[in-house]
Visitor: 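Starting off with a structure, shown below.
Below, chains carry the letters A, B, ... as their sequence lines are ordered, and counting in each starts from 1. Treat the numbers as computed from the prediction; the structure is a model and nothing was measured.
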Number of protein chains: 2
Amino acid sequence: MNSFTEENYLKSIFKLSQKTDNGVSTNSIAESLETKASSVTDMIKKLSDKKLVNYKKYQGVNLTKEGKDIAVSIIRNHRLWEVFLVEKLNFKWDEVHDLAEDLEHINSKKLTNQLDAFLEYPKYDPHGDPIPDKDGNIHRHLDITLADLKTYDKGIVVGVKEHSKSYLNYLETINLVLGTEIKVNKIVDFDLSMSVEVNKKESVNISHQASKNLIIKKSN
Amino acid sequence: MNSFTEENYLKSIFKLSQKTDNGVSTNSIAESLETKASSVTDMIKKLSDKKLVNYKKYQGVNLTKEGKDIAVSIIRNHRLWEVFLVEKLNFKWDEVHDLAEDLEHINSKKLTNQLDAFLEYPKYDPHGDPIPDKDGNIHRHLDITLADLKTYDKGIVVGVKEHSKSYLNYLETINLVLGTEIKVNKIVDFDLSMSVEVNKKESVNISHQASKNLIIKKSN
DNA sequence: ATATATTTTTAGACTAATCTAAAAATAGTT
DNA sequence: AACTATTTTTAGATTAGTCTAAAAATATAT
Ligand SMILES: [Mn+2]
Ligand SMILES: [Mn+2]
Ligand SMILES: [Mn+2]
Ligand SMILES: [Mn+2]
């Protein structure tokens, strides 16, 4: 089987490959895994020997079908466990990621599928990220953020692009959790900060930094 | 923190120390972990440096308070996860041990305690083994096995001393699962095999090998 | 008490994953 | 096209955990 380390590389390469058309660069992997480029090169060779990535020196890597399947199944595990922790064990959405990083490596198709059934086949995790189904299909949200909206646009909060505790905590204090209805009341052209109506009540001020990480489903 | 490997050594030493009054021998650890004595010696030194075991060369080891606490918490995790898998995810009692071997190393007090609460504070795991509570207290069954009973003794199956798939499967085929009422009808003095009445109905024949691994609570 | 058998430890080597420092390849700039 | 900067790879070392083979300590038997 594959080690935890190998699985983390595959997951990282999968996520990075969605942000680029070319191969995934050695440095970008190193950065995302907080390791050194030389370590990445070594691991890439290993994954290449195992036919989990396609690799030509200096050209970056791409996942093979098999490598991608493994990556997606780990992401599926991660997000299902996050749902479990929040829905069944009363964790908050800002507390589950690190635990899921460990739990995602428990390798059992039966466990994953039974957990999925137990949770009644959730489509999204506590951060709005889509959960790949049994066959690896992922239904992504349209990539519209609060920062993309115009004055008087309305919508519903459906996800976050930034998963740090501080950001999630902040959102909670201003009531911008998943499912919240919002309406843009004003956009300050100087710094692109916004005044946003939350659940038809209070207006809150939100920086561009914050608004561009909040995924919205426009509601007309 | 401690690695998976260190945790497995601690767990193994804890279990072995319950079967002996002296220190736990290097060879017994090696056997239980399916490794070599030389590897055990190395690891013991490491655990000793970390003050998790007391060790004098050639004298065997004993857990320190801290080492014991870690071992017990891992056993607590293991057994809670087994309950979860059986009660919530519809696993059979012979399918859960290997998964629990991995899950037990997920290290989070909060996770463990929330899981315990979610399962409504179970006292025993699917094999009848006692689950240590939050403070590490373990309420063991009296160590009476079916093989200890006399003719016409009655009792209830409350646990197993052997956890192999083949034994658990066999018990299921003859309906000797946890909670089953039994009565000893006959003991063959030649091979100590028994004829046992199960749930006041069928009588089954059981070898000594099988009966001495079944833990019974005598019912008068 | 001495010889023999068993257990435990040491010595030295191997693998996976990592690192630093240096070399090689690629990309960007004048 | 030539120089410079950046990225990637290589070379060599390190650490955790393991192994085999041999040495040392302890236990058992005569
Ligand atoms: Mn996460
Ligand atoms: Mn998530
Ligand atoms: Mn078990
Ligand atoms: Mn058990």
Visitor: Between dT6(C) atom C1' and Glu31(B) atom CD, what is the distance in whole Å?
Guide: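 Value for this atom pair: 15 Å.
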Visitor: Distance check: side-chain N/O of Ser39(B) vs OP1/OP2 of dT18(D), anything under 4.0 Å?
Guide: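 Negative; the distance criterion is not met.
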Visitor: Tell me: CE of Met1(A) to P of dA16(C), nearest whole Å?
Guide: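 Nearest whole value for this atom pair: 15 Å.
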Visitor: Do any of residues 8-26 of chain A sit with a heavy atom less than 4.0 Å from DNA chain D, and if so which?
Guide: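 The stretch gives Ser25(A), Thr26(A) as the residues lying under 4.0 Å from the strand, ordered by number.
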Visitor: Encode nucleotides 21-28 of chain D as B, S and - characters from 5' to 3', where the letter depends on protein heavy atoms closer than 4.0 Å: B to the base, S only to sugar-phosphate, - to neither.
Guide: ---BSS--
Visitor: For Asn90(A), give me all partners under side-chain contact (heavy atoms from CB on, under 4.5 Å), at least two apart in sequence or on another chain.
Guide: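 With sequence neighbours excluded, Asn90(A) shows a side-chain contact (heavy atoms from CB on, under 4.5 Å) to Gln114(B), given in chain and number order.
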Visitor: Looking at CD of Glu7(A) and CD1 of Ile75(A), how far apart are the two atoms once the value is rounded to the nearest 0.5 Å?
Guide: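 Nearest 0.5 Å value for the CD-CD1 distance: 11.5 Å.
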Visitor: Whether the Asp191(B) and Ser193(B) side chains hold a donor-acceptor pair (N or O, under 3.5 Å, no angle test) is what I'd like checked.
Guide: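 Asp191(B) vs Ser193(B): donor-acceptor pair found between side chains.
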Visitor: Nearest of dT9(C), dT7(D), dT18(C) to any side-chain atom of Asn27(A)?
Guide: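 The listed nucleotide nearest to Asn27(A)'s side chain is dT7(D).
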Visitor: Is the charged tip of Lys88(A) near the ring of Phe118(A): under 6.0 Å from the six-membered ring centre and within 45° of its axis?
Guide: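 That pair qualifies as a cation-pi contact.
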Visitor: Looking only at the side chains, is there a donor atom on one of His105(B) and Asn8(B) sitting less than 3.5 Å from an acceptor on the other?
Guide: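 Yes, because at least one side-chain N or O of His105(B) sits under 3.5 Å from a partner of the opposite role on Asn8(B).
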Visitor: Quick one: which of His163(B), Lys165(B), His78(B) gives a side-chain hydrogen bond (donor to acceptor under 3.5 Å, both in side chains) with His97(B)?
Guide: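 The side-chain hydrogen bond (donor to acceptor under 3.5 Å, both in side chains) with His97(B) is passed solely by His78(B) among His163(B), Lys165(B), His78(B).
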Visitor: CG of Leu33(A) versus P of dA16(C): gap in Å, rounded?
Guide: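 So the two atoms are 19 Å apart, to the nearest Å.
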Visitor: Quick check on dC19(D): is either OP1 or OP2 less than 4.0 Å from any side-chain nitrogen or oxygen of Thr35(B)?
Guide: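 Looking at the OP1 and OP2 atoms of dC19(D), one of them is under 4.0 Å from a side-chain N or O of Thr35(B).
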Visitor: For Gly60(B) and Asp42(A), take the nucleotide of DNA chain C holding the closest heavy atom to each; which residue's nucleotide lies nearer the 5' end?
Guide: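 Nearest-nucleotide comparison on DNA chain C picks Gly60(B).
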Visitor: Without decimals, in angstroms, what is the distance between Asp49(B) CG and dA16(D) C1'?
Guide: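 For the pair Asp49(B) CG and dA16(D) C1', the rounded distance is 14 Å.
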Visitor: Quick one: Lys56(A) NZ to dT7(D) C1', roughly how many Å, whole number?
Guide: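 So the two atoms are 19 Å apart, to the nearest Å.
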Visitor: Let's see if you can work this out: which of dT7(D), dT18(D), dT10(C) has an atom nearest to the side-chain heavy atoms of Lys45(B)?
Guide: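 Closest nucleotide among those given: dT10(C).
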Visitor: Could you state the atom-to-atom distance from CD1 of Ile29(B) to C1' of dT9(C) in whole Å?
Guide: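 Spelled out: CD1 on Ile29(B) to C1' on dT9(C) is 14 Å.
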Visitor: Should Lys36(B) be listed as having a side-chain N or O under 4.0 Å from OP1 or OP2 of dT9(C)?
Guide: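 So the side-chain polar atoms of Lys36(B) never come under 4.0 Å of the phosphate oxygens OP1 or OP2 of dT9(C).
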Visitor: Going by atom types only, do Ser39(B) and Asp42(B) share a side-chain donor-acceptor pair under 3.5 Å?
Guide: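 Checked: Ser39(B)/Asp42(B) side chains show no N/O donor-acceptor pair below 3.5 Å.
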Visitor: Using whole Å, what does the distance between atom C1' of nucleotide dT9(D) and atom CD1 of Ile44(A) come to?
Guide: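 Interatomic distance, CD1 of Ile44(A) to C1' of dT9(D): 10 Å.
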Visitor: How far apart are the closest heavy atoms of Asp116(B) and Pro122(B), and which atoms are they?
Guide: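 Closest pair (atom of Asp116(B), atom of Pro122(B), distance): OD1-CD, 3.5 Å.
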Visitor: For the residue pair Ser164(A) and Glu162(A), confirm or rule out a side-chain donor-acceptor distance under 3.5 Å.
Guide: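 Side-chain D/A pair, Ser164(A) to Glu162(A): present.
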